[in-house]
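What follows is a short report on a single structure.
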Amino acid sequence: MPRHWLMKSEPGECSIDDLAAAPQCTVPWVGVRNYQSRNAMRDLMALGDDVLFYHSSCAEPGIAGLACVASPAYPDPTQFDPASHYFDAKATPLAPRWLLVDVRLVRKTRLLGLHSMRQTVALADMAVLRRGNRLSITPVSALQWQVLGGLLA
DNA sequence: GCCAACGTTGGC
DNA sequence: GCCAACGTTGGC
């Protein structure tokens, strides 16, 4: 049974349109540098899991499309690249610290704004809406997924 | 730019 | 292992 996730991306880094324009409509989810989110990818995600693609840190934050997990977790190559913003001097290929999964577009949706999400009672318990939430990857319950499916249809 | 929230770091 | 300082996130 697939799980459901919400993954935040800054549109300036990778927007839903960037995802749609990528080869195979698939991107490696580079740049996660938070242990909880890394562990979620490593331990909890599985190929085929559903993903809500969320635009954060932008003028209109909200869900912009549906995607899916398209690979198992593997080392994030940017941690080894001194030229990368995501370089981590303490990581080595033999002892990688950061992992990622590939994410593939399922379909772009209308933008379901953060404000609309907050106004939807059935979504009130979503992890991403919790005060002070800063995780870039959060779980979505089956019920929440169903409600969102209706709102995004 | 502000600031609340909270994860991470490092001294002890 | 505690905890204060610091850095980052992200909405506003």
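Please read all numbers here as calculations on a predicted model, not as lab measurements. Throughout, a chain's letter reflects where its sequence line sits, starting with A, and its residues are numbered from 1.
Looking at the side chain of A:Leu114, the nearest of the listed nucleotides B:dT8, C:dG10, C:dC12 is C:dC12. Among C:dG11, B:dT8, B:dG7, the nucleotide with an atom closest to any side-chain atom of A:Tyr35 is B:dT8. For A:Arg118, counting side-chain heavy atoms from C-beta on, the closest listed nucleotide (C:dC12, B:dG7, C:dG10) is C:dC12. Which of C:dG11, B:dT8, B:dC6 sits closest to the side chain of A:Arg134 comes down to B:dC6.
Remark: P of C:dT8 and CG of A:Asp88 are 13 Å apart, rounded to the nearest angstrom. Counting to the nearest Å, the P atom of C:dG11 and the CE atom of A:Met126 are 13 Å from each other. Rounded to whole Å, atom P of C:dT9 lies 13 Å from atom CG of A:Asn133. When rounded to the nearest whole Å, the span between NE2 of A:His115 and C1' of C:dG11 equals 13 Å.
A:Gln24 CD: 12 or fewer foreign heavy atoms inside a 6.0 Å radius.
For A:Lys8, the salt bridge (charged side-chain N to carboxylate O under 4.0 Å, His left out) test picks out no residue, with sequence neighbours left out.
In this structure, the ring of A:Tyr74 has its center no less than 6.0 angstrom from the ring center of A:Trp98.
A sub-4.0 Å separation between OP1 or OP2 of C:dT9 and a side-chain N or O of A:Lys8 is absent.
A salt bridge does not link A:Arg38 with A:Asp76: every distance from a Lys NZ or Arg NE/NH1/NH2 to an Asp or Glu carboxylate oxygen is 4.0 Å or more.
Both A:Lys90 and A:Asn34 lie near DNA chain B, and the one whose nearest nucleotide falls closer to the 5' end is A:Asn34.
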